[in-house]
Each structure stands twice: as C-alpha cells, then as structure tokens.
Amino acid sequence: MSKRLIEPDYTFQYVKNELTVEGVSVSELVKKYGSPLYVYSGKAIRESYGRIQSALNELPVQICYAVKANSNIHILSLLSKLGAGCDLVSYGEWYRAELAKVPREKRVLSGVAKTLTEFEALFKYPAAGVGSIHVESVMEFELIALLANAKHRKVNVALRYNPDVDAKTLDKISTGRKTDKFGLNEAEILKLAKEYRHDPFLHIEGISIHIGSQITQLGPFEEAFKQLKKLCTKVEKILGRSLGYVDLGGGIGVQYLNEKTISLTDYAALVKKYFSNYPKILIEPGRSLIANAGILVSEVVFNKTRAGNRTVILDAGMNDLVRPALYEAYHHILPLQQTKTKSHAWDVVGGICETTDYFARNRKIALKGEPGEQIAFLSAGAYGFSMSSTYNSRPRVAEVLVDQGKIKLIRKRETLKDLVKHELGPNHP
Ligand code: LLP
C-alpha cells in the first residue's frame with residue numbers, strides 16, 4: 001500500500017472501543033456541542049503541513065493554502081502561524097485571510113469572476129491587498145490594468161495558464177483542459193505579455209496553473225509542468241526579464257479509501273526537475289492539508305428497509321457534506337463506538353428531500369441502526385463544511401478543533417434566527 005499522506009486513523013483512533021481525536025472522546029464532544037458536528041485535529045493539520053514543507057524544503061517554496069477547502073478563520077490562522085500564505089478566490093475569502101492575519105504579501109487571488117466591486121474594495125489597499133492577482137481572462141487583465149493606472153496603484157499579477165492537460169481525476173473536478181472555464185491559453189498570455197510589458201503600474205510577476213483536484217498520478221503534473229516551463233521561457237523572452245515566480249496550483253490527492261496516492265518525494269523531485277532555477281515557487285494545496293484532519297459526526301435518527309435494502313437515516317444530510325451526492329465521492333464511515341454488532345450492508349442517507357441525498361449505498365458498517373447511534377465520516381476536513389449549506393432550512397452545524405490539548409469551538413452551531421435574520425426587517429410578515 002502506498003504511503004499515506006495523512007493517516008485517516010492517525011489522530012482519529014479507537015481507544016477502549018471509543019473513537020477519539022488526539023485522545024479526546026468524540027462522543028463526549030458531541031455530548032457537549034451537539035450533532036452533527038465537524039471535528040478537526042490540529043496535530044493532523046500540523047503534520048500534513050510539515051510533510052509537504054519538508055518534502056519541498058530544498059526549494060524556495062511558499063505554500064499558499066487553498067482557503068476554499070476549509071475556510072474557517074481558526075484553521076486559516078493555524079496554518080498561517082505555521083508559515084502558510086493562501087490562495088483566495090473571492091473577496092469573502094480575502095476578508096477571512098484579513099481576520100486570520102495572513103500577511104497580505106503571502107496572498108494570491110484567483111477566480112474567473114472577480115468583479116469590479118471586489119476590485120474597487122481591494123484597490124483601497126497597497127498592491128490591492130495581495131501579493132499577486134492571478135488573472136484568468138483577457139477582459140479581467142484589461143480591467144486590472146485600467147484600475148491600476150487610473151488609481152496609480154502598483155499591482156502584481158500572474159497569468160493563470162490553462163495548459164490543456166487532463167488531470168485524470170473526476171470529470172467534475174478537472175480544471176486544466178482547454179474546454180474548462182479556467183485560465184488563459186498560450187496565445188492570450190503571449191499577447192498580454194507583449195502589450196503590457198512596459199505598463200508602469202501592472203507588473204507581470206508570474207505564471208500559475210491548477211489542473212484539477214484529487215490527482216493521484218504524477219503524469220498529469222509532469223505534462224503540465226513541462227508546458228508551463230516552456231511558456232515561462234517564451235514570456236520571459238517577451239518581457240526581457242525573469243519572472244518572479246511560478247505557481248503550480250494544488251491538486252495533490254489524498255487517500256479516502258485505499259487509492260494509491262502520489263509520493264510527496266516524487267512530487268518534489270518533479271518540481272525540482274522543472275523549476276529549480278526559479279526564485280520562488282508557489283503551491284496551493286487544499287485537500288492534502290486538511291481532508292484527513294477532519295471528520296463529520298452524525299447520529300442515527302431512524303432506520304427502515306427499502307426494497308430489501310437496510311437504510312439508515314442520519315441527522316446529517318447532503319447540505320452538511322455534499323461530496324457523496326455531488327461527485328459520488330467515497331467517505332469512510334465508522335461507528336463512534338466499537339461494539340460486537342455484526343456488520344450489515346447499509347444504505348446511508350440524510351434527511352434532505354432529494355433523491356441524491358445518499359452518503360453511501362450497500363456499505364458494510366457495524367451498525368444496529370438504532371436511534372442515537374453515532375457514526376463518523378472520515379476525511380471530511382476538506383470541502384466538507386466549506387461546501388455546506390442551509391438547504392431545507394437546516395442551520396449549519398458547529399465545528400470543533402482539538403489542538404495541543406485544547407478543545408476549541410471554532411464555529412457555533414447556527415440557530416433558526418440565523419437562518420432568517422436577513423429576511424427580517426421593518427417589512428417582515
Ligand atoms: N488552487 C486553485 C486555483 C483551485 O481552484 C483549487 C481547487 C486549489 C488550488 C486546491 O486544490 P486541492 O489541493 O484542494 O486539490 N469541491 C471539490 C474540489 C474542488 C477543487 C476546486 N479547486 C471536492 O470536494 O472534491
């Protein structure tokens with residue numbers, strides 16, 4: 001079996017038949033903070049950060065955590081204290097980075113639909129409040145150039161290159177094929193470099209790529225790196241100077257079940273092969289930093305049998321963890337208490353009024369299906385809470401971080417009042 005980037009049961013393990021996180025009983029946390037509940041391990045985050053950092057430590061690498069994976073400001077602050085910068089995709093994420101005190105020069109801003117309103121807000125700060133803006137279209141580039149010149153504000157930009165590489169991951173999380181909406185093609189990049197190479201305010205500082213997520217083979221990375229390097233050489237020739245950095249994006253896959261993941265040593269060797277002579281290399285990991293550092297805990301509400309299928313109904317739904325419903329993604333399910341209960345094949349569903357609200361079908365779990373029985377979805381730290389919603393008017397759940405012997409409620413459970421607060425006002429019914 002491949003070496004796991006983060007052991008799913010490394011910090012989450014059974015002690016005396018009870019699932020624990022860093023030695024704390026998970027069901028005790030549920031008793032205190034309620035169900036469903038996201039629980040994170042600080043130790044797992046620190047270790048995954050350390051693992052990526054040490055694999056790349058011979059190179060001038062800046063890790064820019066992809067905030068979309070888990071945007072809780074406490075997690076952001078923890079990673080920032082370890083030295084991470086961040087990859088942002090909205091003004092909302094920028095605001096979170098501000099609250100978490102991530103140094104502005106360590107922030108990069110990607111996203112295909114940055115609006116004039118967002119730019120107006122960001123241009124109040126020196127260098128638009130970021131280290132660099134990653135531009136994804138010609139029109140966006142022109143807008144930034146216009147604003148920078150009109151406001152006499154110097155900004156750094158990087159051109160996000162779409163290298164037309166198939167990341168060989170799920171279709172729905174591939175981003176680097178020419179048919180995907182992301183980035184600029186080579187012709188657009190070369191033209192922009194030519195036109196703007198002498199711009200007094202806008203400085204082309206780098207080129208970035210991000211070809212997809214949950215990538216488990218090195219081949220697509222190699223293909224993309226090769227093309228990126230070629231393009232960098234062409235752009236540098238046009239600019240008549242070296243670029244300040246390349247950004248290799250995120251995408252390093254993790255183990256959800258037993259899939260083989262890429263070795264960080266091999267990834268680092270690849271980065272070195274192509275970019276060792278660059279002054280700065282950014283990477284934007286999200287999932288590989290946080291996925292296996294978090295679980296979602298849920299309780300059984302009822303069970304029933306549908307066409308012979310044992311079906312267990314949970315208090316969590318696709319609004320709390322949407323990955324199985326959206327991508328048919330696999331999340332391992334463990335009971336919080338290990339008992340002598342026999343494993344049965346279960347359909348595991350939530351309470352949302354949607355047929356797609358299945359967490360698993362025909363999954364063997366040692367569960368009786370009794371109301372109040374507790375389970376945990378593993379590897380739920382990335383794209384778990386951050387993709388959750390209040391669909392069906394269900395308040396979003398709480399989040400708890402266990403770190404260095406401390407238990408911290410890092411997000412309160414939402415209330416019914418929170419659900420309707422923006423609908424209330426002088427004219428409310
Ligand atoms: N950089 C950029 C520009 C991105 O768009 C993303 C993710 C990342 C970095 C981080 O990629 P990671 O290291 O996490 O693979 N919701 C999907 C994943 C969507 C990823 C979107 N972009 C899921 O739950 O699988």
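Model, not experiment: these values are computed from the prediction. Just so you know, ligand 1 is whichever comes first in the structure, and atom 1 is the first atom listed for that ligand.
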Practice item. Considering the heavy atoms of E284, write down every atom of ligand 1 situated less than 4.0 Å from one of them. Key: 1 (N), 2 (C), 3 (C), 8 (C), 9 (C), 10 (C), 13 (O)

Exercise for review: Measure the NE2-CG distance between H344 and N309 for me, rounded to the nearest 0.5 Å.
Suggested key: 14.0 Å

Practice item. Give a yes/no verdict on whether any heavy atom in G249 is under 4.0 Å from an atom of ligand 1. Key: no

Revision key, fill the gap. of all protein heavy atoms, closest to atom 17 (C) of ligand 1 is Y327 OH, 3.1 Å

Review point. Quick one: does NZ or CZ of R363 land under 6.0 Å from the six-membered ring centre of W346, within 45 degrees of the ring axis?
Key: no

Study note, to complete from the structure: protein heavy-atom neighbour closest to atom 11 (O) of ligand 1 works out as H210 CE1, 3.4 Å

**Study point:** Ring centres under 6.0 angstrom apart (Y256, H331)
**Key:** yes

Review point. Taking the six-membered ring for Trp, are F225 and F275 parallel (under 30°), tilted (30 to 60°) or perpendicular (over 60°)?
Key: perpendicular

Revision key, fill the gap. CG (L289) and CG (L79) are apart, to the nearest 0.5 Å, by 6.0 Å

Point to revise | Interfacing atoms of ligand 1 (cut-off 4.0 Å, heavy-atom, R160) | key: 3 (C)

Review point. At a 4.0 Å threshold, what atoms of ligand 1 neighbour a non-hydrogen atom of G250?
Key: 9 (C), 13 (O)

Check your understanding: Relative to the heavy atoms of P285, which atoms of ligand 1 are at a distance of less than 4.0 Å?
Key -> 13 (O)

Point to revise | From N258 atom CG to Y330 atom OH, the distance as rounded to the nearest 0.5 Å | key: 8.0 Å

Point to revise | Ligand-residue contact atoms, ligand 1 with R287, heavy atoms, under 4.0 Å | key: 12 (P), 13 (O), 14 (O), 18 (C), 23 (C), 25 (O)

**Study point:** Polar contact flag for S288 and ligand 1 (N/O pairs, less than 3.5 Å)
**Key:** no

**Study point:** Any side-chain donor near an acceptor of the partner, Y38 and S388, under 3.5 Å
**Key:** no

Review point. Counting each atom of ligand 1 from 1 as listed, which ones have a heavy atom of G286 under 4.0 Å away?
Key: 12 (P), 13 (O), 14 (O)

Check your understanding: Which residue owns the protein heavy atom closest to atom 5 (O) of ligand 1, what's the atom, and how far is it?
Key -> K68 NZ, 3.2 Å

**Study point:** Atoms of ligand 1, numbered as shown, that sit under 4.0 Å from any heavy atom of A66
**Key:** 8 (C), 9 (C), 10 (C)

Exercise for review: Quick one: pull up CG in D87 and NE2 in H210 and give me the separation to the nearest 0.5 Å.
Suggested key: 8.0 Å

Practice item. Write out the residue and atom name of the closest protein heavy atom to atom 20 (C) of ligand 1, then the distance separating them to 0.1 Å. Key: Y383 OH, 3.5 Å

**Study point:** Identity and distance of the protein heavy atom lying nearest atom 24 (O) of ligand 1
**Key:** R323 NE, 2.6 Å

Exercise for review: Assess the side chains of N149 and D199: does a donor N or O sit below 3.5 Å from an acceptor N or O?
Suggested key: yes

**Study point:** Taking atom 15 (O) of ligand 1 as the reference point, the nearest protein heavy atom with its distance
**Key:** S213 OG, 2.4 Å

**Study point:** ligand 1 versus H134: contacting region, heavy-atom distance under 4.0 Å
**Key:** neither

Review point. Once you round to the nearest 0.5 Å, how far does CD1 of I204 lie from OG of S132?
Key: 10.5 Å

